[in-house]
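Here the structure is laid out as structure tokens; the discussion comes afterwards.
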Amino acid sequence: MAKITASVFTSHVPAIGAAMDLGKTKEDYWKPLFAGYEFSKQWMKENKPDVIILVFNDHATAFSLDMIPTFAIGTAPEYQPADEGWGPRPVPVVKGHPELASHIAQSVIQQDFDLTIVNKMDVDHGLTVPLSLMCGELDPVKDAWPCPVIPFAVNVVQYPVPSGQRCFKLGQAIRKAVESFDEDIHVHIWGTGGMSHQLQGARAGLINREWDNAWLDQLIQDPVAAANTPHIDYVREAGSEGIELVMWLIARGAMADVNDGKVTGPAPQLRHRFYHVPASNTAVGHVILENS
């Protein structure tokens, strides 16, 4: 059967993609951030999955205020990098995995989670920046991402947004779906977005190091407590865009130690943890967990 072997968690700041695309990664401002992903790029080469389920939020590219799905899964054979106003990122086309994606949709919907099925969409920095951080700079024509990717979009832009507990349970449903797929493949699930940041209003520029790192401790060691973090705590402590962290709980809920909303199995192995501020106006967090 298929199995989830690891989860990856990372911020997806658009300025990180711009720094890579414009050749600024060696500049003093950016160098410490990219140094934090050197281990990750090597780990990715040594632990290349057959498929990545990449949880991200669309930034008014594939969806708009006219249509806002809470959870949406991409079932297409490929996804073009989106033009977010300054042209598409110069990265390879993202190849999908329609068979596994359709199987996940069938299984998760039968587990009473309503998913929007998307057969065509472009993918923005929320998806391509994590791929670039983990896989390095690739030529859009000559190179390809190391494996197919299933985009899994979550609405954390327009209220109301899903709770952390709902996302945590969804991760468990996704793992059950993957494990019932009749093919012997290794799957990664990535949770992206965050950490603390606020882009507008009186608190624009907010970054909360202490809260971010305490939340990372919980994500790794006590995910049930992290999943029970009230929505208002994300807004109060991590800023209006800090709510993106609920997407990390989908990936954490999909790990093997979580069953029926409780931690019942061996803890996953922490392979890497990194935290850096600032990247543009955002705190960057990054964790790699492997199932025991």
Side-chain angles (χ1 to χ4, degrees), residues 1-8 12 48-64 66-84 88-89 91-131 134-135 144-158 162 166-167 169-193 246-247 249-251 253-254:
M1 67 179 185
K3 60 182 178 181
I4 292 175
T5 56
S7 55
V8 173
H12 61 213
K48 187 174 82 71
D50 297 301
V51 186
I52 295 167
I53 303 168
L54 202 154
V55 183
F56 73 111
N57 64 289
D58 175 74
H59 301 80
T61 300
F63 310 115
S64 71
D66 295 333
M67 181 179 66
I68 311 168
T70 300
F71 302 116
I73 187 169
T75 55
E78 68 177 32
Y79 308 89
Q80 295 289 334
D83 184 345
E84 300 180 63
R89 287 194 64 215
V91 295
V93 171
V94 177
K95 301 295 184 180
H97 197 296
E99 296 80 12
L100 178 57
S102 298
H103 175 82
I104 291 171
Q106 163 75 14
S107 176
V108 169
I109 289 170
Q110 288 297 311
Q111 293 177 70
D112 300 328
F113 284 89
D114 298 323
L115 303 187
T116 298
I117 297 170
V118 185
N119 294 314
K120 183 181 180 180
M121 69 173 169
D122 294 345
V123 289
D124 66 18
H125 71 269
L127 185 137
T128 63
V129 166
L131 286 173
M134 294 296 296
C135 305
W145 300 114
C147 68
V149 176
I150 297 174
F152 198 102
V154 180
N155 170 41
V156 288
V157 174
Q158 180 67 32
R166 184 70 169 163
C167 290
K169 291 177 180 178
L170 176 57
Q172 296 163 64
I174 290 172
R175 186 182 78 231
K176 183 177 179 180
V178 169
E179 291 176 348
S180 65
F181 187 63
D182 191 18
E183 192 173 329
D184 186 18
I185 57 174
H186 290 185
V187 179
H188 285 181
I189 184 164
W190 296 10
T192 74
V246 298
M247 296 188 290
L249 291 166
I250 296 177

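Everything numeric here is computed off the predicted structure, so don't read it as measured data.
Every residue meeting the side chain to side chain contact (heavy atoms under 4.5 Å, CB included) condition with Asp83, not counting sequence neighbours, appears here in chain and number order: Pro88. Listed by chain and residue number, Pro69, Ala72, Val118 satisfy the side chain to side chain contact (heavy atoms under 4.5 Å, CB included) test with Thr116 (two or more places apart in sequence, or in another chain). Residues meeting the ring pair (Phe, Tyr, Trp, His ring centres under 6.0 Å) test with Phe181, sequence neighbours left out: His103. Under the rule for a side chain to side chain contact (heavy atoms under 4.5 Å, CB included), the partners of Pro49 that lie at least two apart in sequence or sit in another chain are Met44, Ile52, Cys147, His188. Applying the side chain to side chain contact (heavy atoms under 4.5 Å, CB included) rule to His59 yields the partners His12, Asn57, Asp124, His125, Glu244; only residues at least two apart in sequence or on another chain are considered.
Summarising the geometry, atom CZ belonging to Phe113 is positioned 13.0 Å from atom CD1 belonging to Ile73; distances are rounded to the nearest 0.5 Å. Distance check: Asp182 CG to Met1 CE gives 11.0 Å after rounding to the nearest 0.5 Å. Remark: Leu131 CG to Thr192 OG1 distance equals 9.5 Å, nearest 0.5 Å. To the nearest 0.5 Å, atoms OG (Ser107) and CD (Glu179) are separated by 10.0 Å. Atom CH2 of Trp145 is separated from atom CG of Leu54 by 10.0 Å, given to the nearest 0.5 angstrom. Rounding to the nearest 0.5 angstrom, the gap separating the NZ atom in Lys176 from the CD atom in Gln110 is 10.5 Å.
Asp58 and Val157 get closest at one heavy-atom pair: O-CG2, 3.7 Å. Taking both residues in full, the closest heavy atoms of Pro81 and Val93 are given as CD-CA, 4.3 Å, listed atom of the first, atom of the second, then distance. Shown here for Val108 and Ala177, the closest heavy-atom pair between the two residues is CG2-CB, 4.2 Å. Of all non-hydrogen atoms in Gly74 and Tyr79, the two that sit nearest each other are C-OH, 2.9 Å. Minimum heavy-atom separation, Val178 to Ala2: O-CB, 3.2 Å. Across all their heavy atoms, Phe56 and Met121 have their closest contact at CZ-CE, 4.4 Å.
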Taking it one step at a time, do Val129 and Arg89 satisfy side-chain contact (heavy atoms from CB on, under 4.5 Å)? CA-CA 9 Å; Val129 166; Arg89 287 194 64 215; 4.0 Å; yes
Audit row: Val154, Leu170, side-chain contact (heavy atoms from CB on, under 4.5 Å) steps and yes/no: CA-CA 11 Å; Val154 180; Leu170 176 57; 5.7 Å; no
Show the numbers, then the answer: is there a side-chain contact (heavy atoms from CB on, under 4.5 Å) between Val55 and Phe152? CA-CA 5 Å; Val55 183; Phe152 198 102; 4.2 Å; yes
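Defined by atom type and a distance below 3.5 Å, a donor-acceptor pair is missing between the side-chain atoms of Asn155 and Thr70. The closest side-chain donor-acceptor pair between Gln106 and Ser102, if any, does not fall under 3.5 angstrom.
When each of Val149, Ile250, Ile174 is paired with Ile53, the side chain to side chain contact (heavy atoms under 4.5 Å, CB included) condition holds for Ile174 and for no other.
Between Gln158 and Phe63 there is no side-chain heavy-atom pair separated by less than 4.5 Å. For the pair Leu100/Ile185, a side-chain contact is recorded, criterion being any heavy-atom separation below 4.5 Å from C-beta on.
Applying the salt bridge (charged side-chain N to carboxylate O under 4.0 Å, His left out) test to every pair with at least one member in residues 94-116, sequence neighbours left out, gives these pairs: Glu78-Lys95.
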